[in-house]
Amino acid sequence: MNILKILSASIIIAFVIASCHKMDNSNNAVAKNVVEQTFDNLIAIPTVMDATKAAFTAKSKSAIIEGVSMNTLSYGGAAILGPTLKIQQGDVMKLEFKNELSEPTNIHWHGLEAPASQDGYPTEVTQAGSSFSYNFPIKDRPGTYWYHPHPDMATASQAYRGLAGFFIVSSPEEKALKLPEGNFDIPLVFQDKRLTNGLNYNPNSDDQTIGLFGETILVNGTPGAKLEVSTGTYRLRLLNGSNARIYNFSLTNGMSFKLIGSDGGLLDEAIDINTLLLAPGERADVLVSFKGMAVGSEIFIESQPFSGSTSQGSQAFKIMKFKVTNTISDEFMFPSKLMAVQKIPESSSVATRKFNIGHMMLHGGMGGVMHPIDGKTFDANRRDEVVKAGSVEIWEFDNTTGSEIHPMHLHGLQFQVLKRTGGRNSIQPWEKGWKDTVLAFPDEKVRIIIRFPANKGKFVFHCHNLEHEDAGMMLNFEIQ
Ligand code: C2O
Ligand code: CU
Ligand code: CU
């Protein structure tokens, strides 16, 4: 046997071992623990920009976070995080975007039915120094969407360093529900950062395997965040904008969340829940009432331990604080019905596709691990799946042989979750509405049903653990 054969034989053996076992021996990396802050920093609220006539520039900045000066990337002014773009359903969004970074970038409209040419396909980028005009009609239901960069192999790095923002759609139908608005409608994005590294993005091989975890949780870019509240009812739009960390949100004082919305907008009706598990990319709208509480009361959002993962979930930690500072009379009435979620009938499905997301491949001797989908990693020149515009299909993500958590996300559409077998064995309350990202724990098989939109062209679907995505856990689907 020549040296090449020996080499390729050992790579094959490594692949076989990696695929058959749960990799407990070669992958025992665990998430960095969170260090709780003192929660006395007033939370930043991103500025609002009208999405029908928006303009901003991506550029590098420097910021002082917790007394340490660091380099960040910025969309339009703030040190980290872009403006909250707001629009009415049916209006046309327009953004004049300029790239003043020193690297190529693009913008992906996470959750929106964007045309393929404007959806931030990984190899369609705006070069450093160039501009791009986004311009497309917003067909999506009222709800909480977001935007972030999506260049091939640099999504994690750019999002981590500060590029992300909310995209909020509303409508007259939603307005008629009289949900909390103005100062009572608060977007909250949760991101863990390794501030000891400045905000530089330098993943090591463990990070590339399980994802990059930081010790400090920022909410809207604020570490140790505090929000001063009145004794009213708030609509909180929760977005997990972290690279890899999952939060199992709960409230102190025995309070519960009234869950009203998921990734793709409002649910049929509100559901009372005590914990809410969101993986990277996922959103949930909740109502929280501070009615009757004494001025000075403090309530925390925490994350509770969860099972199902070997790499994260063992720690409970506080994330942010609400401090009651003002008494008002709260007239808010919980609407009994929200907005109809039309179920896609299973009988309308014309095809079922199954994807094995449980394999790992050793990264050619570099120490890290790659996570293929059906044995393949991203290739922009391949057409992995071809589907018909307007057709309905069932897709299944199978993580039964896997040892890691994979939040699977499809671009350019919203789907519904049909079934989860193994692991948690059920559909979670926040999976009862429209979704664009669905979490599969090890041992789980998750089925979703999709009606492909009319926008033709090539889109991607991928794991929203951003380190997994950048290492190629992403395939193409083409709508014809
Ligand atoms: Cu928010 Cu392709 O992702
Ligand atoms: Cu997306
Ligand atoms: Cu993954």
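Whatever order the structure lists them in is the order used to number ligands and atoms, beginning at 1.
Salt-bridge check for D384 with R382: passed, with a basic side-chain N closer than 4.0 Å to an acidic carboxylate O. Look at K432 and D268 and you find no salt bridge, because none of the NZ, NE, NH1 or NH2 atoms lies under 4.0 Å from a carboxylate O. By the 4.0 Å N-to-carboxylate-O rule, R420 lies close enough to E444 to be salt-bridged with it.
For atom 2 (Cu) of ligand 1, the set of protein N/O/S atoms nearer than 2.8 Å consists of H150 NE2, H411 NE2, H462 NE2, ordered by chain and number. Protein N/O/S atoms found under 2.8 Å from the Cu ion (ligand 3): H406 ND1, C463 SG, H468 ND1.
Under the side chain to side chain donor-acceptor pair (under 3.5 Å) criterion, T222 pairs with no residue at all, not counting sequence neighbours.
No option in W146, Y145, W109 other than W109 meets the ring-ring contact (aromatic ring centres under 6.0 Å, His included) test with F167.
For the residue pair H371 and E404, a side-chain donor N or O sits within less than 3.5 Å of a side-chain acceptor on the partner. In this model, no donor atom of one side chain and acceptor atom of the other lie less than 3.5 Å apart for D152 and T123.
If you look at H110 and H409, their ring centroids are closer than 6.0 Å.
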* **W395/F415 under ring pair (Phe, Tyr, Trp, His ring centres under 6.0 Å): CA gap, chis, key distance, verdict** => CA-CA 10 Å; W395 285 22; F415 54 75; 9.1 Å; no

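Sorting the N, O or S atoms of H148 by how far they are from atom 1 (Cu) of ligand 1 puts NE2 first.
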Could you tabulate the donor-acceptor pairs under 3.5 Å formed by side-chain atoms of residues 446-456, not counting sequence neighbours?
| unit_1 | atom_1 | unit_2 | atom_2 | d |
| --- | --- | --- | --- | --- |
| R447 | NE | E396 | OE1 | 2.9 |
| N455 | ND2 | E113 | O | 3.3 |
| N455 | ND2 | A114 | O | 3.4 |

